[in-house]
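Let me begin by presenting the structure, written as C-alpha coordinates, before commenting on it.
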Amino acid sequence: MKVLKFGGTSMRNAEAWKNVLNIINNTGAGTVTVVSATSGTTNALLQAAEVARSGKLEDALSITAGIKASHNAILDEFFGNADAPDRKIANDHLNDTIKKLDTYLLGVSTLGELTPKSLDAISSTGEQLSSFLLVECGKKVGMNAVWVDSAEVLKTDSSFGEAKPNFPLVAERAEIIRAHSNEGAFIILGGFYGSDSNGVVTTLGRGGSDYSASIFALASGADVIEIWTDVSGMFTSDPRFIKHAFSIKELSFNEAAELAYFGAKVLHPATIQPAVERNIPVYVKNTFEPNHPGTRIFSDTLAETPVRAIAFKKDITVITIISSRMLLAWGFLSKVFDVFNKHQVSVDLVTTSEVSISMTVDKKARLDKIIDDLENIGTVKIYENQALISLVGKDLLKSKGIAAQAFNSLSKFPIRMISQGSSDNNLSVVVENDDAIEAVQNLHDAFFVNQPTPENV
Ligand code: ADP
Ligand code: ASP
Ligand code: MG
(Lines give C-alpha, C1' and ligand atoms only; values in the text may rest on other atoms or scores of the structure.)
(Ligands and ions follow the chains in the order given, each with its own letter.)
Protein backbone atom coordinates (compact mmCIF):
# COMPACT_ATOMS: atom_id res chain seq x y z
CA MET A 1 0.00 0.00 0.00
CA LYS A 2 1.18 3.51 -0.81
CA VAL A 3 0.82 6.70 1.20
CA LEU A 4 0.68 9.82 -0.96
CA LYS A 5 0.91 13.39 0.30
CA PHE A 6 -0.15 16.48 -1.63
CA GLY A 7 1.04 19.92 -0.51
CA GLY A 8 -0.70 23.30 -0.59
CA THR A 9 0.10 24.27 -4.18
CA SER A 10 -0.99 20.84 -5.36
CA MET A 11 -4.37 21.62 -3.72
CA ARG A 12 -4.64 25.23 -4.82
CA ASN A 13 -7.90 25.13 -6.87
CA ALA A 14 -10.53 22.86 -8.43
CA GLU A 15 -8.35 21.98 -11.40
CA ALA A 16 -5.58 20.96 -9.01
CA TRP A 17 -8.04 18.82 -6.99
CA LYS A 18 -9.06 17.00 -10.20
CA ASN A 19 -5.43 16.38 -10.93
CA VAL A 20 -4.85 15.09 -7.37
CA LEU A 21 -7.86 12.75 -7.60
CA ASN A 22 -6.53 11.45 -10.93
CA ILE A 23 -3.14 10.68 -9.45
CA ILE A 24 -4.75 8.90 -6.48
CA ASN A 25 -7.03 6.93 -8.79
CA ASN A 26 -4.12 5.89 -11.01
CA THR A 27 -2.19 4.72 -7.95
CA GLY A 28 -4.90 2.18 -7.25
CA ALA A 29 -7.54 1.05 -4.79
CA GLY A 30 -6.47 1.00 -1.15
CA THR A 31 -4.21 4.06 -1.51
CA VAL A 32 -3.90 6.32 1.54
CA THR A 33 -3.68 10.07 0.85
CA VAL A 34 -2.68 12.91 3.13
CA VAL A 35 -3.44 16.46 2.03
CA SER A 36 -2.39 19.93 3.10
CA ALA A 37 -4.68 22.91 3.34
CA THR A 38 -5.17 24.74 0.04
CA SER A 39 -2.26 27.10 -0.67
CA GLY A 40 -2.33 30.24 1.42
CA THR A 41 -5.01 28.95 3.81
CA THR A 42 -2.76 28.17 6.79
CA ASN A 43 -1.12 31.59 6.49
CA ALA A 44 -4.57 33.20 6.27
CA LEU A 45 -5.74 31.32 9.38
CA LEU A 46 -2.68 32.38 11.36
CA GLN A 47 -3.24 35.94 10.24
CA ALA A 48 -6.93 35.78 11.23
CA ALA A 49 -5.90 34.54 14.68
CA GLU A 50 -3.43 37.38 15.14
CA VAL A 51 -5.87 39.99 13.85
CA ALA A 52 -8.54 38.66 16.26
CA ARG A 53 -6.06 38.81 19.13
CA SER A 54 -5.44 42.46 18.39
CA GLY A 55 -9.21 43.06 18.76
CA LYS A 56 -10.11 43.45 15.07
CA LEU A 57 -12.74 40.73 14.97
CA GLU A 58 -14.45 42.06 11.83
CA ASP A 59 -11.18 41.85 9.88
CA ALA A 60 -10.58 38.33 11.17
CA LEU A 61 -14.07 37.25 10.11
CA SER A 62 -13.57 38.68 6.66
CA ILE A 63 -10.50 36.43 6.32
CA THR A 64 -12.54 33.36 7.22
CA ALA A 65 -15.27 34.49 4.80
CA GLY A 66 -12.57 34.50 2.10
CA ILE A 67 -11.54 30.94 3.05
CA LYS A 68 -15.18 29.86 2.84
CA ALA A 69 -15.58 31.50 -0.57
CA SER A 70 -12.48 29.86 -2.04
CA HIS A 71 -13.62 26.40 -0.88
CA ASN A 72 -17.11 27.07 -2.21
CA ALA A 73 -15.59 27.97 -5.56
CA ILE A 74 -13.91 24.54 -5.66
CA LEU A 75 -17.20 22.81 -4.79
CA ASP A 76 -18.93 24.82 -7.56
CA GLU A 77 -16.56 23.29 -10.11
CA PHE A 78 -17.31 19.74 -8.95
CA PHE A 79 -21.03 20.01 -8.18
CA GLY A 80 -22.14 22.78 -10.54
CA ASN A 81 -25.02 23.89 -8.39
CA ALA A 82 -24.77 25.20 -4.82
CA ASP A 83 -28.06 23.45 -3.96
CA ALA A 84 -27.28 20.12 -5.61
CA PRO A 85 -28.61 17.43 -3.22
CA ASP A 86 -25.31 15.48 -3.31
CA ARG A 87 -23.45 18.63 -2.24
CA LYS A 88 -25.28 18.88 1.08
CA ILE A 89 -22.68 16.95 3.11
CA ALA A 90 -19.89 19.15 1.73
CA ASN A 91 -21.88 22.36 2.28
CA ASP A 92 -22.75 21.38 5.85
CA HIS A 93 -19.13 20.54 6.68
CA LEU A 94 -17.89 23.81 5.19
CA ASN A 95 -20.54 25.90 6.99
CA ASP A 96 -20.08 24.11 10.33
CA THR A 97 -16.29 24.35 10.18
CA ILE A 98 -16.31 28.07 9.38
CA LYS A 99 -18.88 28.65 12.14
CA LYS A 100 -16.66 26.81 14.63
CA LEU A 101 -13.66 28.80 13.44
CA ASP A 102 -15.51 32.09 13.86
CA THR A 103 -16.45 31.08 17.42
CA TYR A 104 -12.77 30.47 18.21
CA LEU A 105 -11.87 33.86 16.75
CA LEU A 106 -14.59 35.55 18.80
CA GLY A 107 -13.10 33.93 21.92
CA VAL A 108 -9.59 35.06 21.00
CA SER A 109 -10.70 38.65 20.35
CA THR A 110 -12.83 38.82 23.51
CA LEU A 111 -9.98 37.61 25.70
CA GLY A 112 -7.29 39.42 23.72
CA GLU A 113 -5.20 36.32 24.20
CA LEU A 114 -4.00 33.72 21.71
CA THR A 115 -2.68 30.56 23.36
CA PRO A 116 -0.78 27.85 21.44
CA LYS A 117 -3.81 25.62 22.07
CA SER A 118 -6.25 28.08 20.43
CA LEU A 119 -3.80 28.65 17.61
CA ASP A 120 -3.75 24.91 16.83
CA ALA A 121 -7.56 24.75 16.88
CA ILE A 122 -7.58 27.58 14.36
CA SER A 123 -4.64 26.65 12.12
CA SER A 124 -5.71 22.99 11.75
CA THR A 125 -8.99 24.07 10.15
CA GLY A 126 -7.38 24.30 6.70
CA GLU A 127 -6.52 20.59 6.61
CA GLN A 128 -9.85 19.61 8.19
CA LEU A 129 -11.62 21.38 5.33
CA SER A 130 -9.43 20.33 2.42
CA SER A 131 -9.35 16.63 3.34
CA PHE A 132 -13.07 16.29 4.04
CA LEU A 133 -14.13 18.22 0.95
CA LEU A 134 -11.68 16.34 -1.29
CA VAL A 135 -13.43 13.11 -0.23
CA GLU A 136 -16.80 14.55 -1.22
CA CYS A 137 -15.37 15.68 -4.58
CA GLY A 138 -13.83 12.22 -5.03
CA LYS A 139 -17.21 10.59 -4.44
CA LYS A 140 -18.75 12.99 -6.92
CA VAL A 141 -16.39 11.75 -9.64
CA GLY A 142 -17.22 8.14 -8.77
CA MET A 143 -14.38 7.20 -6.43
CA ASN A 144 -14.88 5.06 -3.34
CA ALA A 145 -13.31 7.74 -1.12
CA VAL A 146 -13.42 7.67 2.69
CA TRP A 147 -12.47 10.46 5.12
CA VAL A 148 -10.63 9.55 8.28
CA ASP A 149 -10.25 12.34 10.84
CA SER A 150 -6.54 12.65 11.68
CA ALA A 151 -7.53 13.70 15.21
CA GLU A 152 -8.74 10.11 15.70
CA VAL A 153 -5.50 8.51 14.50
CA LEU A 154 -2.54 10.84 14.92
CA LYS A 155 -2.35 10.86 18.71
CA THR A 156 0.27 13.21 20.12
CA ASP A 157 1.49 14.78 23.33
CA SER A 158 0.15 18.21 24.30
CA SER A 159 2.99 20.39 23.03
CA PHE A 160 0.73 22.60 20.95
CA GLY A 161 2.34 23.98 17.82
CA GLU A 162 5.03 21.27 17.75
CA ALA A 163 3.29 18.14 18.99
CA LYS A 164 5.20 14.85 19.17
CA PRO A 165 3.43 11.70 17.95
CA ASN A 166 2.72 8.82 20.29
CA PHE A 167 3.85 6.12 17.84
CA PRO A 168 2.46 3.03 19.61
CA LEU A 169 -0.96 4.65 19.97
CA VAL A 170 -0.96 5.84 16.36
CA ALA A 171 -0.16 2.27 15.25
CA GLU A 172 -3.21 1.02 17.18
CA ARG A 173 -5.48 3.76 15.87
CA ALA A 174 -4.26 3.17 12.30
CA GLU A 175 -6.25 -0.06 12.26
CA ILE A 176 -9.08 1.96 10.70
CA ILE A 177 -6.80 3.00 7.83
CA ARG A 178 -5.64 -0.59 7.27
CA ALA A 179 -9.23 -1.86 7.32
CA HIS A 180 -10.47 0.67 4.73
CA SER A 181 -7.39 0.04 2.60
CA ASN A 182 -7.98 -3.72 2.64
CA GLU A 183 -11.53 -3.07 1.46
CA GLY A 184 -10.07 -1.19 -1.52
CA ALA A 185 -11.27 2.28 -0.51
CA PHE A 186 -9.32 5.49 -1.16
CA ILE A 187 -8.59 6.85 2.30
CA ILE A 188 -8.04 10.62 2.60
CA LEU A 189 -6.78 12.36 5.74
CA GLY A 190 -5.69 15.89 6.61
CA GLY A 191 -2.02 16.41 7.29
CA PHE A 192 -0.49 18.67 9.95
CA TYR A 193 -2.91 17.96 12.83
CA GLY A 194 -3.74 15.28 15.36
CA SER A 195 -5.00 15.32 18.92
CA ASP A 196 -3.63 14.85 22.41
CA SER A 197 -4.72 12.35 25.05
CA ASN A 198 -7.68 14.58 25.98
CA GLY A 199 -8.82 14.71 22.36
CA VAL A 200 -7.75 18.36 21.98
CA VAL A 201 -6.47 19.20 18.49
CA THR A 202 -2.69 19.65 18.15
CA THR A 203 -0.44 20.47 15.19
CA LEU A 204 2.99 19.16 14.21
CA GLY A 205 4.46 22.55 13.20
CA ARG A 206 4.67 24.39 9.88
CA GLY A 207 5.14 22.13 6.90
CA GLY A 208 4.06 19.18 9.08
CA SER A 209 1.87 17.40 6.52
CA ASP A 210 4.94 15.60 5.12
CA TYR A 211 5.58 14.28 8.62
CA SER A 212 1.92 13.22 8.97
CA ALA A 213 2.30 11.17 5.78
CA SER A 214 5.33 9.27 7.04
CA ILE A 215 3.75 8.74 10.48
CA PHE A 216 0.65 7.24 8.82
CA ALA A 217 2.86 5.19 6.48
CA LEU A 218 4.77 3.65 9.38
CA ALA A 219 1.60 3.02 11.37
CA SER A 220 -0.41 1.47 8.59
CA GLY A 221 2.32 -0.76 7.13
CA ALA A 222 2.76 1.13 3.84
CA ASP A 223 5.57 0.09 1.52
CA VAL A 224 6.04 3.40 -0.28
CA ILE A 225 5.68 7.10 0.63
CA GLU A 226 5.19 9.63 -2.15
CA ILE A 227 5.48 13.35 -1.38
CA TRP A 228 3.75 15.19 -4.24
CA THR A 229 4.72 18.84 -4.47
CA ASP A 230 5.33 21.68 -6.94
CA VAL A 231 8.87 20.70 -8.01
CA SER A 232 10.19 17.48 -9.57
CA GLY A 233 12.03 16.11 -6.56
CA MET A 234 14.76 17.29 -4.24
CA PHE A 235 17.06 19.58 -6.17
CA THR A 236 20.73 20.39 -5.86
CA SER A 237 19.47 23.65 -4.31
CA ASP A 238 16.18 25.55 -4.07
CA PRO A 239 15.14 25.88 -7.74
CA ARG A 240 13.08 28.96 -6.94
CA PHE A 241 16.21 30.95 -6.12
CA ILE A 242 19.25 29.14 -7.53
CA LYS A 243 19.86 29.07 -11.27
CA HIS A 244 20.74 25.70 -12.87
CA ALA A 245 19.62 23.70 -9.82
CA PHE A 246 18.53 20.24 -10.97
CA SER A 247 16.55 17.32 -9.60
CA ILE A 248 18.59 14.59 -7.85
CA LYS A 249 17.72 11.03 -8.86
CA GLU A 250 18.59 9.35 -5.58
CA LEU A 251 19.44 10.42 -2.05
CA SER A 252 20.12 8.41 1.06
CA PHE A 253 17.87 8.81 4.09
CA ASN A 254 20.75 10.58 5.83
CA GLU A 255 21.35 13.03 3.03
CA ALA A 256 17.67 13.86 2.62
CA ALA A 257 17.18 14.30 6.37
CA GLU A 258 20.22 16.54 6.58
CA LEU A 259 19.06 18.64 3.61
CA ALA A 260 15.60 19.03 5.12
CA TYR A 261 17.04 19.90 8.51
CA PHE A 262 19.29 22.58 7.02
CA GLY A 263 16.50 24.28 5.12
CA ALA A 264 15.33 22.37 2.01
CA LYS A 265 11.68 23.20 2.59
CA VAL A 266 10.49 20.53 0.15
CA LEU A 267 10.53 18.01 3.05
CA HIS A 268 9.66 18.61 6.70
CA PRO A 269 12.83 17.64 8.64
CA ALA A 270 11.12 14.88 10.64
CA THR A 271 9.66 13.10 7.59
CA ILE A 272 12.53 10.70 7.07
CA GLN A 273 12.68 9.32 10.61
CA PRO A 274 9.56 7.06 10.44
CA ALA A 275 10.64 5.91 6.96
CA VAL A 276 14.04 4.82 8.28
CA GLU A 277 12.35 2.78 11.00
CA ARG A 278 10.95 0.31 8.48
CA ASN A 279 13.09 1.13 5.45
CA ILE A 280 10.19 2.63 3.50
CA PRO A 281 11.36 4.34 0.28
CA VAL A 282 10.27 7.98 -0.04
CA TYR A 283 9.70 9.53 -3.46
CA VAL A 284 9.44 13.28 -4.02
CA LYS A 285 7.36 13.95 -7.12
CA ASN A 286 5.79 16.81 -9.03
CA THR A 287 1.98 17.01 -9.09
CA PHE A 288 2.17 19.13 -12.22
CA GLU A 289 4.61 16.81 -14.02
CA PRO A 290 3.56 13.37 -12.76
CA ASN A 291 5.66 11.43 -15.27
CA HIS A 292 8.93 12.92 -14.07
CA PRO A 293 10.59 10.26 -11.88
CA GLY A 294 11.46 12.81 -9.16
CA THR A 295 13.81 11.81 -6.34
CA ARG A 296 14.01 8.41 -4.69
CA ILE A 297 15.16 8.48 -1.07
CA PHE A 298 16.32 5.21 0.37
CA SER A 299 18.81 3.67 2.78
CA ASP A 300 21.80 4.13 0.50
CA THR A 301 22.65 5.40 -2.94
CA LEU A 302 25.26 4.72 -5.57
CA ALA A 303 26.22 8.39 -5.72
CA GLU A 304 29.85 9.16 -6.35
CA THR A 305 29.97 12.93 -5.95
CA PRO A 306 30.74 13.92 -2.37
CA VAL A 307 28.61 17.10 -2.46
CA ARG A 308 25.00 16.19 -3.29
CA ALA A 309 23.14 19.44 -2.63
CA ILE A 310 23.30 22.84 -0.97
CA ALA A 311 20.63 23.83 1.53
CA PHE A 312 20.12 27.22 3.11
CA LYS A 313 18.00 28.77 5.80
CA LYS A 314 17.58 32.54 6.04
CA ASP A 315 16.57 34.67 9.02
CA ILE A 316 18.41 32.68 11.62
CA THR A 317 19.95 34.22 14.73
CA VAL A 318 23.49 33.71 15.99
CA ILE A 319 23.93 33.88 19.76
CA THR A 320 27.44 34.28 21.14
CA ILE A 321 28.14 33.88 24.85
CA ILE A 322 31.50 35.06 26.13
CA SER A 323 32.57 33.45 29.35
CA SER A 324 33.07 35.88 32.21
CA ARG A 325 36.25 34.02 33.13
CA MET A 326 39.32 34.13 30.93
CA LEU A 327 38.96 30.54 29.77
CA LEU A 328 35.94 28.36 29.16
CA ALA A 329 35.64 26.93 32.61
CA TRP A 330 34.48 23.43 33.31
CA GLY A 331 30.68 23.43 33.45
CA PHE A 332 30.27 26.51 31.23
CA LEU A 333 29.03 24.61 28.17
CA SER A 334 26.60 22.51 30.14
CA LYS A 335 25.12 25.63 31.75
CA VAL A 336 24.63 27.14 28.30
CA PHE A 337 22.93 24.02 26.97
CA ASP A 338 20.77 23.78 30.10
CA VAL A 339 19.25 27.12 29.12
CA PHE A 340 18.28 25.84 25.67
CA ASN A 341 17.00 22.66 27.24
CA LYS A 342 14.88 24.60 29.72
CA HIS A 343 13.24 26.60 26.90
CA GLN A 344 13.08 23.58 24.58
CA VAL A 345 14.75 25.37 21.70
CA SER A 346 17.11 23.42 19.51
CA VAL A 347 20.40 24.71 18.27
CA ASP A 348 21.54 23.97 14.70
CA LEU A 349 25.21 24.87 14.66
CA VAL A 350 27.75 25.31 17.45
CA THR A 351 31.31 26.61 17.39
CA THR A 352 33.56 27.36 20.33
CA SER A 353 36.69 29.37 20.98
CA GLU A 354 38.81 29.59 24.07
CA VAL A 355 36.46 32.03 25.77
CA SER A 356 33.21 31.88 23.87
CA ILE A 357 30.60 29.75 22.24
CA SER A 358 28.41 30.65 19.26
CA MET A 359 25.18 28.95 18.31
CA THR A 360 22.50 29.37 15.68
CA VAL A 361 18.76 29.12 16.31
CA ASP A 362 16.02 29.50 13.75
CA LYS A 363 13.08 30.21 16.03
CA LYS A 364 12.49 33.70 17.39
CA ALA A 365 10.00 32.44 19.97
CA ARG A 366 11.36 32.41 23.51
CA LEU A 367 14.54 34.17 22.39
CA ASP A 368 14.15 37.01 24.91
CA LYS A 369 13.82 34.56 27.80
CA ILE A 370 16.81 32.56 26.56
CA ILE A 371 18.92 35.72 26.37
CA ASP A 372 17.87 36.71 29.93
CA ASP A 373 19.02 33.35 31.24
CA LEU A 374 22.26 33.34 29.23
CA GLU A 375 23.18 36.75 30.63
CA ASN A 376 23.59 35.05 34.02
CA ILE A 377 26.36 32.92 32.51
CA GLY A 378 28.35 35.42 30.45
CA THR A 379 28.22 38.35 28.06
CA VAL A 380 25.70 37.71 25.31
CA LYS A 381 25.86 39.04 21.76
CA ILE A 382 23.04 38.60 19.25
CA TYR A 383 23.44 38.73 15.48
CA GLU A 384 20.11 38.71 13.65
CA ASN A 385 19.35 38.40 9.93
CA GLN A 386 21.90 35.69 9.35
CA ALA A 387 21.74 32.75 6.93
CA LEU A 388 22.93 29.21 7.38
CA ILE A 389 24.32 27.52 4.25
CA SER A 390 25.10 23.80 4.27
CA LEU A 391 26.85 21.63 1.71
CA VAL A 392 25.30 18.21 2.19
CA GLY A 393 26.81 15.00 0.92
CA LYS A 394 28.66 11.86 1.64
CA ASP A 395 32.19 11.31 2.93
CA LEU A 396 32.84 15.03 2.96
CA LEU A 397 35.70 14.57 5.42
CA LYS A 398 37.43 11.94 3.33
CA SER A 399 37.20 13.96 0.12
CA LYS A 400 40.09 16.31 -0.50
CA GLY A 401 39.60 19.89 -1.60
CA ILE A 402 35.93 20.33 -0.72
CA ALA A 403 36.58 23.00 1.90
CA ALA A 404 39.12 24.79 -0.31
CA GLN A 405 36.69 24.88 -3.20
CA ALA A 406 33.85 26.03 -0.94
CA PHE A 407 35.82 28.87 0.65
CA ASN A 408 37.17 29.92 -2.71
CA SER A 409 33.57 30.42 -3.89
CA LEU A 410 32.77 32.34 -0.72
CA SER A 411 35.85 34.54 -0.74
CA LYS A 412 33.98 37.83 -1.16
CA PHE A 413 31.55 37.26 1.73
CA PRO A 414 32.22 37.78 5.43
CA ILE A 415 31.64 34.45 7.21
CA ARG A 416 30.41 34.50 10.80
CA MET A 417 30.62 30.79 11.59
CA ILE A 418 32.10 27.66 10.03
CA SER A 419 31.38 24.08 11.01
CA GLN A 420 32.59 20.81 9.61
CA GLY A 421 33.48 17.58 11.25
CA SER A 422 30.72 16.54 13.61
CA SER A 423 29.25 14.49 10.80
CA ASP A 424 30.68 13.38 7.52
CA ASN A 425 27.56 14.70 5.85
CA ASN A 426 27.79 18.46 5.96
CA LEU A 427 29.92 21.55 5.88
CA SER A 428 28.08 24.63 7.09
CA VAL A 429 28.75 28.34 7.18
CA VAL A 430 26.82 31.37 8.40
CA VAL A 431 26.73 34.54 6.31
CA GLU A 432 24.61 37.71 6.27
CA ASN A 433 21.03 37.22 4.98
CA ASP A 434 21.65 39.66 2.14
CA ASP A 435 24.61 37.64 0.89
CA ALA A 436 22.90 34.26 1.10
CA ILE A 437 21.49 33.75 -2.40
CA GLU A 438 24.61 34.98 -4.17
CA ALA A 439 26.81 32.87 -1.90
CA VAL A 440 24.72 29.74 -2.56
CA GLN A 441 24.72 30.50 -6.29
CA ASN A 442 28.52 30.75 -6.27
CA LEU A 443 28.81 27.46 -4.39
CA HIS A 444 26.30 25.81 -6.70
CA ASP A 445 28.15 27.05 -9.78
CA ALA A 446 31.42 25.73 -8.37
CA PHE A 447 30.18 22.29 -7.35
CA PHE A 448 27.53 21.54 -9.97
CA VAL A 449 27.68 23.81 -12.99
CA ASN A 450 31.34 24.31 -13.69
CA GLN A 451 31.94 20.63 -13.00
CA PRO A 452 28.78 18.97 -14.25
CA THR A 453 28.47 15.40 -13.03
CA PRO A 454 24.88 14.49 -13.88
CA GLU A 455 25.72 10.79 -14.17
CA ASN A 456 26.51 10.82 -10.47
CA VAL A 457 23.41 12.51 -9.18
P1 ADP B 1 4.29 21.73 -0.39
O2 ADP B 1 3.28 22.82 -0.29
O3 ADP B 1 4.05 20.78 -1.52
O4 ADP B 1 4.56 21.04 0.91
P5 ADP B 1 6.64 23.36 -0.04
O6 ADP B 1 6.45 24.77 -0.48
O7 ADP B 1 6.58 23.08 1.41
O8 ADP B 1 5.62 22.46 -0.85
O9 ADP B 1 8.04 22.79 -0.60
C10 ADP B 1 8.31 22.89 -1.97
C11 ADP B 1 9.28 24.04 -2.20
O12 ADP B 1 10.51 23.73 -1.53
C13 ADP B 1 9.70 24.23 -3.63
O14 ADP B 1 8.78 25.02 -4.34
C15 ADP B 1 11.08 24.88 -3.50
O16 ADP B 1 11.03 26.27 -3.69
C17 ADP B 1 11.48 24.61 -2.05
N18 ADP B 1 12.82 23.98 -1.93
C19 ADP B 1 13.80 24.42 -1.10
N20 ADP B 1 14.91 23.67 -1.24
C21 ADP B 1 14.63 22.74 -2.19
C22 ADP B 1 15.39 21.68 -2.77
N23 ADP B 1 16.64 21.41 -2.40
N24 ADP B 1 14.78 20.92 -3.71
C25 ADP B 1 13.51 21.16 -4.08
N26 ADP B 1 12.75 22.16 -3.57
C27 ADP B 1 13.29 22.94 -2.62
N1 ASP C 1 -0.67 23.60 5.95
C2 ASP C 1 0.45 23.48 6.88
C3 ASP C 1 1.43 24.59 6.63
O4 ASP C 1 1.23 25.40 5.74
C5 ASP C 1 1.11 22.12 6.82
C6 ASP C 1 1.67 21.71 5.47
O7 ASP C 1 1.25 22.20 4.42
O8 ASP C 1 2.54 20.85 5.46
O9 ASP C 1 2.39 24.71 7.35
MG1 MG D 1 5.69 21.60 2.63
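Residue numbers start at 1 and run along the sequence shown. Note that ligands are numbered from 1 as they come in the structure, with each ligand's atoms numbered from 1 the same way.
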* State which residues pass side chain to side chain donor-acceptor pair (under 3.5 Å) with Ser409; sequence neighbours excluded, sorted by chain then number. => none
* Structure fact -> Quick note on ligand 2: atoms under 4.0 Å from a heavy atom of Arg206 include exactly 3 (C), 4 (O), 9 (O)
* Report yes if Gly207 has an N/O atom closer than 3.5 Å to an N/O atom of ligand 2; otherwise report no. => yes
* Assign the ring pair Tyr211 / His268 to parallel, tilted or perpendicular, where the plane angle (0 to 90°) is split at 30° and 60°. => parallel
* **Polar proximity ligand 2 side, Asp210 side, N/O cut 3.5 Å exclusive** => no
* Asked: Which pairs with one or both residues in residues 115-137 pass salt bridge (charged side-chain N to carboxylate O under 4.0 Å, His left out), sequence neighbours excluded?
  -> Glu136-Lys139
* Who are the side chain to side chain donor-acceptor pair (under 3.5 Å) partners of Asn385, not counting sequence neighbours? -> none
* Report yes or no: is the cationic atom of Arg296 (NZ for Lys, CZ for Arg) closer than 6.0 Å to the six-membered ring centre of Phe253, at no more than 45° off its axis? => no
* Structure fact -> re atom 6 (C) of ligand 2, the protein heavy-atom contact at minimum distance is Ser209 OG, 3.3 Å
* Structure fact -> The protein residues that pass the under-4.0 Å heavy-atom test against ligand 1 are Lys5, Gly7, Gly8, Thr229, Asp230, Val231, Gly233, Met234, Phe235, Ser237, Asp238, Pro239, Arg240, Ala264, Lys265, Val266
* Mind checking whether His71 and Trp17 have parallel, tilted or perpendicular rings, split at 30° and 60°? -> perpendicular
* To do: Please check if any side-chain donor atom of His292 sits under 3.5 Å from a side-chain acceptor atom of Ser247, or the reverse.
  => no
* Gly8: heavy atom below 4.0 Å from ligand 2, yes or no? -> no
* With a 4.0 Å cut-off on heavy atoms, does Glu127 reach ligand 2? -> yes
* Do Tyr261 and Asn426 have side-chain N/O donor and acceptor atoms under 3.5 Å apart? -> no
* Geometric class of the Phe6/Trp228 ring pair [parallel <30°, tilted 30-60°, perpendicular >60°] -> parallel
* To do: Write out the residue and atom name of the closest protein heavy atom to atom 7 (O) of ligand 2, then the distance separating them to 0.1 Å.
  => Ser36 OG, 2.9 Å
